[in-house]
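Here's the structure we're looking at; comments come further down.
None of the values given here were measured: they were computed from a predicted structure. Just so we're on the same page: letters track the sequence lines, and every chain starts at 1.
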Amino acid sequence: MINFVIILFIITLIYLSKVEMVKSYYPLMGLQGLLLFGLALLELHEVDALQLAFILLETLIFKAIFVPLFLLRITRGKIHRHQNSPVKGYYAVFIALVIIVLSFITSHEMHDEFLDVKYFTAATSSILIGLFIAINNRDLVTHLIAYLVIENGIFLLSLALGSELPMFVNAAILLDIFTSVLIMGIFFNKLKDYFQNTDISQLSQLKD
Amino acid sequence: MDILTFIIVTAVLAGVTYFVRIIFLSHALVFLYVALMVILGISLGNKAGESLGEFFFADRLGLIFYVVLVIVSLLSAVHYIKFVHDRRVVPSSVALHNAGTILFTGAIVGVLFTSHFGTLWAFMEATTLGASVLIYHNRNQDSLEATWKYLFVCSIGIAIAFAGILFLGLAAHKVGHIDFTFAAIKTEAPRLNPIWLQACFLLVLTGFSVKMGLVPLFNVDIDAKDASPSQVGASLSSVLMNAGFVAIYRFYDAFSGTTILPWMNRLLMITGLVSLFFAAAYLLKVKNIKRLFAYSSMEHASLVIIAFSCGGVGYFAAVLHLIMHSLAKSSLFFQVSQMHRIYASKMDDGIGSYLRINPLGGLVLLLGFLSIIAMPPSGMLITELMMFQALVAKNFWWLAVLILILVLVIIYGLAVRLLGILFLKKPLAKINTGGASPYESILQLGLILAVFYIGLFRPDFIVRNIELALKALPL
């Protein structure tokens, strides 16, 4: 079951790398949140009530419900297709596949008994594909998506490593990420209102 | 007052300040916060070196930079009053700025005194959020652009740093259950897989480079200092840079007893050298005075990292240099605000004869210039000499020569711009001599003179505290 969920997560990454219609991002981000929730439940066997509530809050409510709805709200259905990117369509898929294969080979070659190859592959793929999306797109909404994909990869990595951070620290981290998404959303709106579109080429006023 | 109470008070006070729309009261709340910082400082000073519960400790290095934070915060608050008055800033912007100031300062306090890698990360992310609010203050195209870039790149950088902390968790699996406190990691580090420790340090250095103004993520830091009000630029160039250094230092210290120490030193040296090269290259072409000072901060951050990578006397030089740089650079950024009031420009071709038009302000600029280029009697001359001493002690002769050349290029770049501003007559569009503010300049002069005093006399309490703070590091 875990393998199936991880494969589904990786498929969402491949799809994210080639998305051109902005509205396609929202269900994909929601699906990623759901998959992460499923993985957390399957992986954490000895989970107590407080921890379960925390995971529920972080994945199901924040990642699967809040984030897609928030993105939908800030774009208000007005942005349909993001700006031209240098690598498009199946070329983007090819690059995503190369990232996934390289992540797998690297994870496999680590030969660390405490390293779960499948988790590590998915996590590093998510972080790298997030960076690829950020670099490859000239659109603000896609940059926000890229940040969230990277955060999902980090969450997966923390799950893979079974990190034993105390609840206080986990709560602080969630609060920080929540606030940063919120503030980015606010600034996204301001930029959109100011420039009348969301192309980052508008953001080139500051230079030496 | 204990630190956890202070953090809670920070959050509450920031919230209250946001809703206070009476400008006088809003400023008063910031001064109240600075007063609370002083009380906390006295309390922590009495417990220097002791643990303060599960997540905090009264670390001596933290205390040193805390004193700098209190000074810079107080002066920033004073300068902001004048800024608000002159620019006729609306109450809602003042409220947001002051709330952001409290949040930002509180986050830095957390970074300085936390004893846990997880909370260190959380406080660093909180500095990003606080700084974003401050950078956005002017609400124009530049500030909007700078804020978005800063928020986005910092968030990515901090996420990368978090991946580094997770790699540390992976390494820690080998010894079973381990908490993420600095002390626990330092004790167990020699038994951990060095590959993961290297990966952790690399990612953390990359992620936190944006806070210290080093490669690879330095660009957004420069833009932020340019587009924000000068007192915000002062904070970013001083206290935030110190916080970035402390964050990197925590990991360095924790891993310093392992076999990766020489590798960490090499990595820091390369980071410092590449940063210094970029600072020199950009400084030659930049015409905007705020960007000029921002690149100068990058130069000093590079020198600090290079000194630190040499070990020995370099450790001491790095910390002392950061203290003096914080005072000198914040003073210069504060002065830029005054120049902008007089000339309504921050480009060097629109500013001239500054020493004649505003003698006291010109004196601040002149002495500040001498400070940052490490000319006598600047205390930074001493620390830069210590850095070269550390390089020579390591037999890095060719690196010392290379660094010297790059520093000379930077001095040339700064001299051409700043001496021109001070002494050359230029065709000036309009001058508002009423923009000069003697009381502000006197405060700034005090900071510069402190740099001279520290360099000339090396006060015993500063030297002793730095030595005590760094005693855990290998020679």
Side-chain angles (χ1 to χ4, degrees), chain A residues 110-116 120 123-124 127 130-131 134 140 143-144 146-166 168-177 179-184 186-188 190-191 193-195 200 202-208, chain B residues 54-55 110 116-119 121-126 128-129 132-133 136 139-142 144-149 151-152 154-156 158-160 162-163 165-174 177-180 193 195-196 219 222-224 226-227 282-283 285-288 291-292 295:
Chain A
M110 289 288 186
H111 299 299
D112 190 309
E113 57 182 310
F114 299 106
L115 184 74
D116 190 320
F120 199 76
T124 47
I127 294 169
L131 287 172
L140 294 173
H143 282 183
L144 201 51
Y147 172 68
L148 291 165
V149 171
I150 292 169
E151 283 298 345
N152 284 348
I154 301 279
F155 178 83
L156 205 53
L157 197 61
S158 70
L159 210 60
L161 306 178
S163 78
E164 294 153 14
L165 291 173
F168 166 72
V169 179
N170 271 326
I173 289 166
L174 175 63
L175 185 69
D176 275 346
I177 294 170
T179 319
S180 57
V181 171
L182 208 63
I183 292 185
M184 273 199 214
I186 292 166
F187 278 108
F188 172 83
K190 289 189 181 297
L191 283 162
D193 293 344
Y194 198 97
F195 295 108
I200 61 158
Q202 306 272 357
L203 303 180
S204 54
Q205 182 79 12
L206 292 167
K207 51 191 160 200
D208 296 311
Chain B
E54 200 179 344
F55 297 108
H116 191 282
F117 284 116
T119 43
W121 182 90
F123 283 122
M124 283 301 265
E125 173 71 359
T128 305
L129 304 178
S132 304
V133 173
Y136 182 57
R139 298 177 186 224
N140 53 22
Q141 186 177 343
D142 284 358
L144 201 53
E145 178 183 340
T147 307
W148 174 264
K149 285 179 177 173
L151 194 57
F152 181 68
C154 272
S155 298
I156 299 268
I158 300 277
I160 289 170
F162 190 62
I165 294 172
L166 291 174
F167 281 169
L168 181 61
L170 180 64
H173 269 301
K174 194 174 179 182
H177 176 78
I178 190 169
D179 64 23
F180 279 72
N193 186 344
I195 297 287
W196 293 121
N219 302 58
I222 305 285
D223 288 346
D226 178 17
Y282 281 110
L283 248 164
K285 69 170 189 172
V286 72
K287 290 186 173 178
N288 176 330
R291 295 182 84 84
L292 191 77
Y295 281 117

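Atom CG of Leu151(B) is separated from atom CG of Leu144(A) by 9.5 Å, given to the nearest 0.5 angstrom. Residue Leu157(A) holds its CG atom at 8.5 Å from CZ of Phe162(B), rounded to the nearest 0.5 Å.
The greatest number of non-hydrogen atom pairs below 4.5 Å with chain A, out of Asn193(B), Leu170(B), Leu168(B), is found for Leu170(B). Options Ile222(B), Ile158(B), Val286(B), Ile156(B) differ in how many heavy-atom pairs under 4.5 Å they form with chain A, and the most are formed by Ile156(B).
Of the two parts of Thr147(B), only the side chain, counted from C-beta on, holds a non-hydrogen atom closer than 4.5 Å to a non-hydrogen atom of chain A. Residue Asn288(B): no heavy atom, backbone or side chain, is found under 4.5 Å from chain A. Heavy atoms closer than 4.5 Å to chain A are found nowhere in Asn219(B), neither backbone nor side chain. Only the side chain of Tyr282(B) comes within contact range of chain A, with heavy atoms under 4.5 Å apart. When heavy atoms are compared at a cutoff of 4.5 Å, Tyr136(B) approaches chain A solely by way of its side chain, counted from C-beta outward.
Side chains of Ile160(B) and Ile150(A) form no contact here, defined as non-hydrogen atoms less than 4.5 Å apart. Considering only heavy atoms from C-beta on, Phe155(A) stays 4.5 Å or farther from Leu166(B) through its side chain.
In this structure, Glu125(B) and Tyr147(A) approach most closely via the heavy-atom pair OE2-OH, 4.0 Å. Residues Ala159(B) and Ile154(A) come closest through the heavy atom pair O-CD1, 3.1 Å.
Note on ring orientation: taking the six-membered ring where Trp is involved, the planes of Phe152(B) and His143(A) are parallel (angle under 30°, cut-offs 30° and 60°).
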